[in-house]
Protein chains: 2
Amino acid sequence: MDRKVATIQDVAKAAGVSTATVSRTLSKPSVVAATTREAVLSAVAETGYRVNATASNLRRQRTGSVIVLLPNIANPFFSQILAGLASILTPAQYGMLIADTQAGPDPDQRFRHYLTSGQADGIVLLDGSLAPDALDIPGRPPVVMACEWMTRDLPSVRVENGKGAAMAVGHLARLGHRAIGHVTGPRGNLLTETRLEGFREALTSVGVPMRPDWILEGDFSMDSGAAAARAWLDMTDRPTALFFSSDEMAVGFMGAVQREGVRVPDDVSIVGFDNIEIAQHLSPALTTIRQPRTQIGIRAAELLLGMIESGTRTGPSDLIEIEFIRRDSAGPPPRKTSG
Amino acid sequence: MDRKVATIQDVAKAAGVSTATVSRTLSKPSVVAATTREAVLSAVAETGYRVNATASNLRRQRTGSVIVLLPNIANPFFSQILAGLASILTPAQYGMLIADTQAGPDPDQRFRHYLTSGQADGIVLLDGSLAPDALDIPGRPPVVMACEWMTRDLPSVRVENGKGAAMAVGHLARLGHRAIGHVTGPRGNLLTETRLEGFREALTSVGVPMRPDWILEGDFSMDSGAAAARAWLDMTDRPTALFFSSDEMAVGFMGAVQREGVRVPDDVSIVGFDNIEIAQHLSPALTTIRQPRTQIGIRAAELLLGMIESGTRTGPSDLIEIEFIRRDSAGPPPRKTSG
DNA sequence: ACAAAGAATGAAATCGTTTACAACAGATTT
DNA sequence: AAATCTGTTGTAAACGATTTCATTCTTTGT
């Protein structure tokens with residue numbers, strides 16, 4: 001009975017060589033003689049040997065894994081970024097550890113914990129709300145931010161959020177809208193602020209004044225979109241079009257107003273942001289700004305691996321192109337505006 | 001300059017004790033004298049020492065992480081299960097490694113790889129399509145299945161799928177439907193088969209014959225729901241109600257038929273399965289069967305940790321209660337059926 | 001024919017912990 | 001007073017790989 005798992009010692013014995021040779025056969029086959037190589041390989045097959053990753057990592061002073069820190073695992077927005085990350089990390093033989101920052105009581109402390117725990121060779125940060133000064137830790141692993149980012153010059157993969165907002169506003173203005181509102185993400189979030197700023201600038205550039213009471217605060221979730229719908233329905237003087245800082249909010253809004261008999265886009269035009277999968281399956285299909293999330297994940301992983309391999313703590317940033325997707329949730333404004 | 005990270009040796013030296021004492025202070029504080037304990041702890045604080053997880057794991061013959069294998073990371077259905085898993089694994093000091101089974105060419109081989117790689121103390125399997133005989137590996141870690149499951153008696157966390165289908169059919173029959181169709185998941189999948197079987201049985205129990213041409217095959221995705229919509233629209237004799245094996249397919253179907261001017265539930269009634277977040281935000285809100293996904297994740301993690309701690313390869317299974325959620329996508333059949 | 005270079009291998013140190021065992025002091029029992 | 005126990009600490013051996021350095025055996029150049 002071989003109850004125990006075979007070690008490199010067992011293989012060495014079976015092949016009649018030293019452990020050094022076994023190790024070399026597996027990592028740098030070119031330096032060992034063809035005949036020995038074959039002997040070793042058949043001994044490996046015979047014993048069913050698998051290298052013990054923990055021992056290997058200890059000796060090589062690495063962990064072989066990368067931590068992905070995200071605010072909320074359950075948020076489907078991130079799952080496609082994860083898929084992109086995995087598509088690079090897995091082939092490169094890195095494990096992908098997932099951790100929730102907002103799960104515990106103190107997110108900043110959790111961030112610091114992962115930064116110092118030495119459990120990963122690198123960190124992908126998908127949560128922009130974490131304290132930048134946590135990074136002043138000696139010997140910390142390289143960190144790459146994706147989507148959100150902080151004031152500090154951390155390497156990051158991002159998207160031209162302001163430009164996205166401008167695309168949305170431009171489209172609505174071209175359709176004839178003059179009464180355009182905006183539903184934001186949570187205040188303080190950098191995505192929120194950049195898109196809001198882009199929205200504001202775009203409005204001035206098309207010569208439409210911004211109405212502060214038409215700026216509604218959300219938190220990117222469907223529920224907050226539905227809440228915005230209630231607020232909109234209660235308005236006496238409603239905007240004829242709304243730009244949402246996330247598709248999820250747009251979905252929540254659209255469902256809620258439709259259930260009240262409001263027609264989209266006849267009564268109100270809607271533009272989202274992200275192009276989540278469902279956007280094209282709604283009725284009407286949602287006009288939105290596409291963020292290539294898989295691509296974001298891929299670039300973030302590539303950047304991080306580059307830093308890990310070169311041993312640097314800093315690196316380049318990357319800007320991913322976004323795309324305006326015209327569908328059917330935005331149309332010309334109604335003839336008569338209410339109020 | 002303390003460029004290097006402090007090791008247990010450094011702490012021992014600073015505190016004037018042996019490494020054994022440092023280790024004991026950190027893991028079993030009760031066995032060391034109060035004064036020494038304080039000396040060690042202040043030395044730890046002073047040096048900024050963090051135990052090297054890799055070394056610790058090697059010595060303790062564990063890895064400190066659990067692998068979650070899922071068919072497709074990008075599928076949002078799984079993200080809430082992940083959240084449930086994380087809520088148990090993180091406090092228990094286990095890392096959560098995520099891997100995609102369908103990413104590479106040979107899923108079974110990938111499964112086998114993770115089973116033998118020794119990179120995790122346990123595996124959570126969310127992909128029921130993997131070969132059961134892969135489990136005949138000596139010294140493999142404990143595995144728990146969630147949602148899907150295989151013929152082999154693996155510990156699993158599941159849901160009464162057949163009962164869910166029966167709830168859906170019962171509801172539709174009570175509303176007066178006699179022409180009920182079903183959109184399945186991919187053939188061969190156990191979820192698909194159990195729900196289909198439940199559907200079939202429920203039909204006979206309410207005395208409605210099953211029409212094979214009203215059984216459409218999907219793959220759980222929104223796209224396949226939209227494809228089912230096209231098929232349904234092309235039928236000369238249409239069912240007045242459809243039960244979908246996933247909410248995603250129901251969403252894809254509903255959007256597609258609505259865009260063709262079909263009214264839900266006036267023209268066709270829809271019942272989904274899962275209760276994904278968007279279900280309540282659609283117009284009309286989707287009637288469905290709730291699967292408590294967070295709960296599923298929690299139980300799976302608990303089961304797995306139990307097996308890891310007790311050193312067993314087998315363990316109990318668990319059945320999670322589902323719930324019928326009545327919303328507005330199913331109503332009485334139209335007066336006149338087409339055909 | 002002999003030195004130098006090259007190719008292939010092994011011995012042993014090392015990575016940073018944990019823990020079995022031994023050692024020792026002081027307290028308690030006989 | 002000897003023997004036993006209890007509580008605390010240190011010594012040193014693992015854990016399973018990788019890699020430096022030394023060694024042996026060929027091969028090549030002069």
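Naming convention: chains lettered A, B, ... in sequence-line order (proteins, then strands); numbering from 1 in each chain.
Across all strands, B/Ser27 comes closer than 4.0 Å to no nucleic acid atom at all (heavy-atom distances). Within the nucleic acid shown, A/Ser23 comes within 4.0 Å of at least one base atom, counting heavy atoms only. Note on B/Val17: only backbone sugar-phosphate atoms sit closer than 4.0 angstrom, heavy atoms only; bases stay farther off. At the heavy-atom level, B/Arg62 lies nowhere under 4.0 Å from the strands shown.
A residue-by-residue look at B/Arg37 and A/Tyr49 shows that B/Arg37 has its nearest nucleotide of DNA chain D further toward the 5' end.
Using modelled atom types and a 3.5 Å distance limit, the side chains of B/Thr116 and A/Arg50 yield a donor-acceptor pair. B/Thr47 and B/Asp10 share no side-chain donor-acceptor pair at under 3.5 Å.
Distances shown here put every side-chain N or O of A/Thr54 at or beyond 4.0 Å from the OP1 or OP2 atom of D/dA17.
Separating the CG atom of A/Asp10 from the C1' atom of D/dG16 is a distance of 11 Å, rounded to the nearest angstrom.
Closest to the side chain of A/Ser56, from the set D/dT9, D/dT18, D/dG16, is D/dT18. Side chain of B/Arg60, nearest nucleotide from D/dA17, C/dT18, D/dC15: C/dT18.
Exactly one of A/Asn72, A/Asp127, A/Asp106 qualifies for a side chain to side chain donor-acceptor pair (under 3.5 Å) with A/Thr101. That residue is A/Asp127.
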Hey, what are the protein-to-nucleotides 11-13 of chain D N/O distances that come in under 3.5 Å?
none

